[in-house]
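Below is one structure, written out as structure tokens; the observations come after it.
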Protein chains: 4
Amino acid sequence: MAANRPTTASMTRKERAEDTRRRLIETAIDQFSRNHYDDVAVSDIAKTAGVAHGLLFHYFQTKRGIYLEAMRQAARELDLAATISAGLPPGRALRGLFRTHLEHVAERRGLALRLILGGRGTDPEAWELFEADRWKSITWLCTLLGFDPDNQALRLALRAAVGLIDEMTVYWLEHEQEFGVDAIVEEAVHAIRNGLASAARLDPALDVEPAREVLAQG
Amino acid sequence: MAANRPTTASMTRKERAEDTRRRLIETAIDQFSRNHYDDVAVSDIAKTAGVAHGLLFHYFQTKRGIYLEAMRQAARELDLAATISAGLPPGRALRGLFRTHLEHVAERRGLALRLILGGRGTDPEAWELFEADRWKSITWLCTLLGFDPDNQALRLALRAAVGLIDEMTVYWLEHEQEFGVDAIVEEAVHAIRNGLASAARLDPALDVEPAREVLAQG
Amino acid sequence: MAANRPTTASMTRKERAEDTRRRLIETAIDQFSRNHYDDVAVSDIAKTAGVAHGLLFHYFQTKRGIYLEAMRQAARELDLAATISAGLPPGRALRGLFRTHLEHVAERRGLALRLILGGRGTDPEAWELFEADRWKSITWLCTLLGFDPDNQALRLALRAAVGLIDEMTVYWLEHEQEFGVDAIVEEAVHAIRNGLASAARLDPALDVEPAREVLAQG
Amino acid sequence: MAANRPTTASMTRKERAEDTRRRLIETAIDQFSRNHYDDVAVSDIAKTAGVAHGLLFHYFQTKRGIYLEAMRQAARELDLAATISAGLPPGRALRGLFRTHLEHVAERRGLALRLILGGRGTDPEAWELFEADRWKSITWLCTLLGFDPDNQALRLALRAAVGLIDEMTVYWLEHEQEFGVDAIVEEAVHAIRNGLASAARLDPALDVEPAREVLAQG
DNA sequence: TATGAATGAGGATTCATTCAT
DNA sequence: TATGAATGAATCCTCATTCAT
């Protein structure tokens, strides 16, 4: 689990401190993606990280402190929107984004299943962290396709489509990838396109056909 | 909170016991749908139910015992499939089922948001209880439409469609029902129909068009 | 475990009550010889005896109540002195008494190992019950041999001899009776005879030789 | 109760910790030799030791943990064999050993009466601790006298002799030492010598006379 | 006599957090 | 920065005992 890093001996005091902090967060992410907040003991995190109990409080003040820090770090790692590559045609960009996302998620299975796809069941504040990323992606997509990101019908339909994609991802992860990544990516695009159609039904003022056309081409 | 019931005086000993038990479960459902397992204290449940601390253990042995009992009861209350009315044409039946479900869910908002739609984040064993209901519904639908409920592509696509519906329901609940129930029901049916199409893309051996047609008519 | 008794149906009300009581005590002896007082739950006794929880209190008022009643019953069952047969020559009587004791003890292994031979570790009040039996036997023996049962040296030496016999019994019970009962009985008699000698050394006023002679003949 | 120790102020942090630990064990021995395991409350131990409730668990994890640690410490303190002085003639060595043992036991009356001489009635695991010491002494004695310590007859007879000695010790302790230590020591030696004779009767292959002779001289 | 629901005190254990070194 | 001893509140669970039926 621990990557090979320079030995303790070869580090300056500051580097060692930085390293300790990193190790704590790393361990925290690991524990919190396995267990619920209340089922994780700070003393366990410290012990596993090989660090004195009290030091954890020196760095993060409180249990909730290290928890949120860990969540922030996890969100950063799995941030969909962070990988958006500008300049590509929308269909291409979206497909690339989904593929990258699936790869990330497959790598960090436990983390993803519990934190990202785990649903609202977890801590609300933490959920917001990940939910914010989702909305960032939705907003980005709306803008890309020339829609008003505040349109209620669009928001409902696209958020629901993301729900579909999340659930599909879970099924895919849990069934040892019986389906190829390409097929899943394609279904994700379909989900978005169907979402646009759904939005148009809920709000007839929307003209979604051009956008659906554009996304069809990848 | 307490429903109107016959007064304590008018009950036999056994009826009073039954009532106490019911009251405990009721309270437990309430508490567990507000807070996470670890954040609920058994003593609180007992106190709220107006019952001695130890009695709870007399009935349920352990905290987890009453928790699971409460979850089972909640699942029973919100069981989609339980309301299936036989004999109707599929499209009609499905729409009726969705409508009933949405009404239930609107009534038991807190419970639904945390437990049913709350996701895998909560207790795995509890999640299974609700997940089982979902699969029961999916299986019922497959059978109704003449499909093999074990087909992997169908399973993935329909489970994903349910994910969409759940997320749509959450959005609908959280936005004070800006959209009419009818519109949501209609979108849910679309989600299922799109799911069938998705399944056919993943598994070309499937012939889904007739079923999609049938569902279009409500 | 439960002996064959007339069926419940064939009993009068009073007999049934008597039977219930007996069953409770029987169960209590069993449980208390397996576990320490605090580790036995009244509810367990009641459940095992197949009797309502509260009924136990009807009969015995308190946990300690049924405990002492059970101990008394156990003491009665294993009372050494109870089997004393008058009229025999001392050596013969003593040997018969030891043999009977060993047989009893072998039959009620669990009970004996924990309660009788278990030592002072158990409840003092219960220990007294069994200790009293021991002193009764010692007194009987002194009288039989014409000694003053209050002589301190005799008391110390004979009580110590009983300690030897008890420990020998434990060893014998735990080693599947590698040694024949006859040999053990003979060693027990030796222990008593050595006890007399020991008493004489501690209190030179005692003349024990005649008694030692008498006991040698069996 | 508390021995004279350097004041708190004069200690390093580590020394103070060590001291706290010691104080906890000391208190535990005290409590457990007065009351049965279940009748001792951890919170009482902590309070008496003047230490926070939770600290006890920091050191010993569980109630049973501190209990066994206390028993081990008690066993160490009263270990007969630990005081064996090599090089002396057997009779002399044995007598010295008995005298030391009696002195120890008289000092730690409560502890001895309940734990060491208390018998099998207490916790089996704890009993084993003390029983092991007894067998160590018996083995030492066998070796000293040139016997095979695995001989069954010897084992039975010597273990029984130890039973005699224990019971004699109890009587002696409870009767305010009416008999002098020397007399008791001498009787203990007699018990061992009689044990050897007993073994020879049970196993005629044993030649115990020389050893009995040797022990006679002290 | 018999039942088992109801009570509430008591006790082990966990754990976040503080703090002296 | 780093350590781990110390604190005490919080919580689950057990169990003897009572009592209405």
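Chain identifiers are assigned alphabetically (A, B, ...) following the order of the sequence lines, protein sequences preceding nucleic acid strands; residue numbering begins at 1 within each chain.
Note: CG (Asp19(B)) to P (dA5(E)) measures 14 Å, nearest angstrom. One atom, CD1 of Ile66(C), and another, C1' of dC15(F), lie 15 Å apart when rounded to the nearest Å. The interatomic distance linking Ile45(A) (CD1) with dT17(E) (P) rounds to 11 Å, in whole Å. For the pair Lys14(B) NZ and dA2(E) C1', the interatomic distance rounds to 15 Å; values are reported in whole Å. The distance between atom NZ of Lys47(A) and atom P of dT14(E), rounded to the nearest whole Å, is 11 Å. Distance OH (Tyr67(A)) to P (dC15(E)): 17 Å, rounded to an integer number of Å. Separating the CD atom of Gln31(D) from the P atom of dG11(E) is a distance of 12 Å, rounded to the nearest angstrom.
In terms of heavy-atom proximity, His53(B) sits nearest to Val42(B) at NE2-CG2, 4.4 Å. Leu115(D) approaches Ala74(D) most closely through the heavy-atom pair CD1-CB, 4.5 Å.
For the pair Arg114(D) and Phe32(D), the cation-pi criterion (under 6.0 Å, within 45° of the ring axis) is not fulfilled.
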Between Glu77(D) and Ile29(D), does the side-chain contact (heavy atoms from CB on, under 4.5 Å) criterion hold? Intermediate values first, please. CA-CA 11 Å; Glu77(D) 282 181 22; Ile29(D) 290 183; 4.2 Å; yes

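Set against dA12(E), dC12(F), dT17(E), the side chain of Phe57(B) has dC12(F) as its closest nucleotide.
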Grab the N/O contacts between the protein and nucleotides 7-11 of chain F below 3.5 Å, and write none if there aren't any.
{"unit_1": "dT7(F)", "atom_1": "OP2", "unit_2": "Ala52(D)", "atom_2": "N", "d": "2.8"}

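Using N1 to N3 plus N6-O4 or O6-N4 for Watson-Crick, or N1-O2 and O6-N3 for G-U wobble, each under 3.5 Å, dT17(F) pairs with dA6(E).
With the nearest nucleotide of DNA chain F identified for both Ala17(D) and Tyr37(C), Ala17(D) has the one nearer the 5' end. Between Gln61(C) and Arg64(B), the residue anchored nearer the 5' end of DNA chain F, judged by the nucleotide with its closest heavy atom, is Arg64(B).
Remark: Tyr59(A) is not in phosphate contact with dT1(F), judged by side-chain N or O atoms under 4.0 Å from OP1 or OP2. For Thr62(D), no side-chain nitrogen or oxygen approaches OP1 or OP2 of dA12(E) to under 4.0 Å. Checking the phosphate oxygens (OP1, OP2) of dA6(F), a side-chain nitrogen or oxygen of Thr20(D) falls inside 4.0 Å. Between Thr12(D) and the phosphate of dT21(E), there is no side-chain N or O to OP1/OP2 separation shorter than 4.0 Å.
Between atom CZ of residue Arg120(B) and atom CD of residue Glu128(B) there is a gap of 9.0 Å, rounded to the nearest 0.5 Å.
Distance alone, capped at 3.5 Å, is enough to place a donor-acceptor pair between the Tyr37(D) side chain and the Arg64(D) backbone. With hydrogens and angles ignored, the 3.5 Å screen pairs a side-chain donor or acceptor of Arg23(A) with a backbone N or O of Ala49(A).
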